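Numbers here are sequence positions counted from 1. Computed from a predicted structure; not experimentally measured.
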Amino acid sequence: MSTTTINLIDSFQEFKDFKNIDRPTVISVLEEVFRSMLRKKYGTDENCDVIVNPDNGDLEIWRTRKVMEDGFSEDDDLEIELAEVSKLDSTLEVGDDYIEQITLESFGRRAILAARQTLVSKVLELEKDEIFKKYKDRVGEIVTGEVYQVWKKETLVLDDEGNELLMPKTEQIPADYFKKGDSVRAVISKVEMINANPKIIISRTAPEFLQRLFEQEVPEIFDGLITIKKIVREPGERAKVAVESYDDRIDPVGACVGMKGSRIHGIVRELKNENIDVINFTNNISLYITRALSPAKITSIKLDDETKHASVYLKPDQVSLAIGRGGHNIKLAGKLTGYEIDVYREAGEESDEDVDLEEFSDEIDSWIIDELKAIGCDTAKSVLALTVEDLVKRTDLEEETIKEVVQILKSEFE
């Protein structure tokens with residue numbers, strides 16, 4: 001009887017260290033591949049034992065046939081006649097089992113190559129399934145990976161096991177700039193199977209990303225002492241986060257911001273200087289809207305609960321703060337509270353109100369404001385009191401720039 005154990009390592013080298021696949025699965029895949037080879041060769045595998053040892057890559061195949069009297073064998077795959085068996089093992093009698101070892105070589109080169117092919121595709125299939133299963137359960141978690149390739153519309157990121165994660169341009173913060181080898185943090189936003197390939201989409205613009213960052217930075221949120229009620233974002237520009245605490249001794253906003261902004265600072269940096277307003281959640285809608293419009297100070301507010309509409313009245317110098325640069329502040333406050341917000345100047349005060357130039361920092365660059373302050377103009381009206389020619393002469397500003405500034409200041413009083 002041939003006792004050559006067949007070493008799998010020679011022909012199936014790469015299957016010893018499977019990525020993501022557990023041992024029992026490996027064994028059953030190998031066994032199934034060899035059983036199908038046996039069925040092809042002998043018509044049946046029911047009288048064969050396949051023993052796989054994945055640790056050292058050994059494989060043994062044993063075939064058992066019943067010894068029959070000459071001329072009485074009906075199925076040569078399951079039985080063997082005495083005349084034939086006595087040439088192989090003279091100690092056997094009718095009724096005994098004849099056990100022989102099948103060598104891998106006996107299948108022939110083509111069968112081995114085919115089996116190898118089957119094995120490769122089965123393992124790839126299993127790996128894909130495993131990756132899909134692994135990530136399917138992790139949607140909403142933060143993952144850290146390394147940028148592998150940057151294309152125009154998406155970036156390919158590899159996790160620590162070399163699995164591919166895709167970050168479309170739409171899921172990147174506008175100021176994000178990645179190059180190969182960069183480390184990147186994002187949240188797993190979607191996992192799907194497309195043509196038997198797992199597709200894992202990660203995002204840095206999803207509200208969940210900001211939420212996970214807060215959980216990492218603020219232990220009270222992680223421990224459940226503070227709840228994040230809602231997050232709205234204009235990625236890279238501004239975010240508003242409503243928080244609530246069930247413990248009166250904890251100030252939720254203070255805990256999220258940290259001493260001198262220590263906790264929020266890391267988050268702001270990760271989000272490319274996104275402006276983050278943390279506000280105290282409340283069921284009192286007018287108070288909630290008032291807080292949501294921070295940093296602007298509100299004088300009064302009228303609510304229409306049926307149409308979910310809020311009219312907010314402010315001092316003229318607060319209007320541009322409430323609206324915010326590019327309208328982000330008022331837009332996010334509306335999303336956060338679920339109300340459509342309209343902003344009005346308080347009546348009857350326009351005539352004698354003047355507005356500090358600093359209030360226009362959202363619309364006018366700070367260096368231009370400094371330039372105007374240097375000639376003694378620190379309010380809107382003090383600038384408007386001068387002609388464009390005067391301003392051009394007295395400052396280092398272009399006429400075009402001054403005309404724009406005057407236009408912005410004028411619209412404040414219209």
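- Partners of Asn197 by side-chain hydrogen bond (donor to acceptor under 3.5 Å, both in side chains), not counting sequence neighbours, listed by chain and number: Lys128.
- Taking 4.0 Å as the cut-off between side-chain N and carboxylate O, Glu100 and Arg65 count as a salt-bridged pair.
- A salt bridge links Arg39 to Glu32: at least one charged side-chain nitrogen sits closer than 4.0 Å to a carboxylate oxygen.
- For the pair Lys66 and Tyr98, the cation does not sit on the ring face, since its NZ or CZ is not both under 6.0 Å from the ring centre and inside 45° of the axis.
- Taking the charged nitrogens against the carboxylate oxygens, Glu237 and Arg325 do have a contact shorter than 4.0 Å, which makes a salt bridge.
- We find that Glu154 and Lys169 are not joined by a salt bridge, their nearest charged nitrogen and carboxylate oxygen being 4.0 Å or further apart.
- Cation-pi geometry between Arg63 and Tyr42 is satisfied (NZ or CZ under 6.0 Å from the ring centre, within 45° of the ring normal).
- Ion pair Arg249/Asp247 flagged as a salt bridge, since at least one NZ, NE, NH1 or NH2 atom sits closer than 4.0 Å to an Asp/Glu carboxylate oxygen.
- Legend: salt bridge (charged side-chain N to carboxylate O under 4.0 Å, His left out) pairs involving residues 388-400, not counting sequence neighbours, sorted by first then second residue: Glu399-Lys403.
- Between Ile264 and the choices Val278, Val218, Val241, the side chain to side chain contact (heavy atoms under 4.5 Å, CB included) rule is met once, by Val278.
- A heavy-atom distance below 4.5 Å is not found between the side chains of Val191 and Ile201.
- At a threshold of 4.0 Å, the pair Asp378-Lys373 does not count as salt-bridged, since none of the basic side-chain nitrogens sits closer than that to a carboxylate oxygen.
- The pair Glu171-Arg204 does not meet the salt-bridge criterion, since no charged nitrogen lies less than 4.0 angstrom from a carboxylate oxygen.
- With sequence neighbours excluded, the residues satisfying salt bridge (charged side-chain N to carboxylate O under 4.0 Å, His left out) with Arg138 are Glu141.
- Proximity of Thr379 to Cys377: side-chain heavy atoms (C-beta onward) are nowhere separated by under 4.5 Å.
- Using a 4.0 Å cut-off between charged nitrogen and carboxylate oxygen, Glu244 and Lys230 do not count as a salt-bridge pair.
- Residues Leu165 and Val143 meet the side-chain proximity criterion, which asks for heavy atoms closer than 4.5 Å.
- Residue Leu357 is tested with Ile368, Ile369, Asp370, Val405 for a side chain to side chain contact (heavy atoms under 4.5 Å, CB included); the sole match is Ile369.
- A salt bridge is absent between Lys335 and Glu340; no separation between the charged side-chain nitrogens and carboxylate oxygens falls under 4.0 Å.
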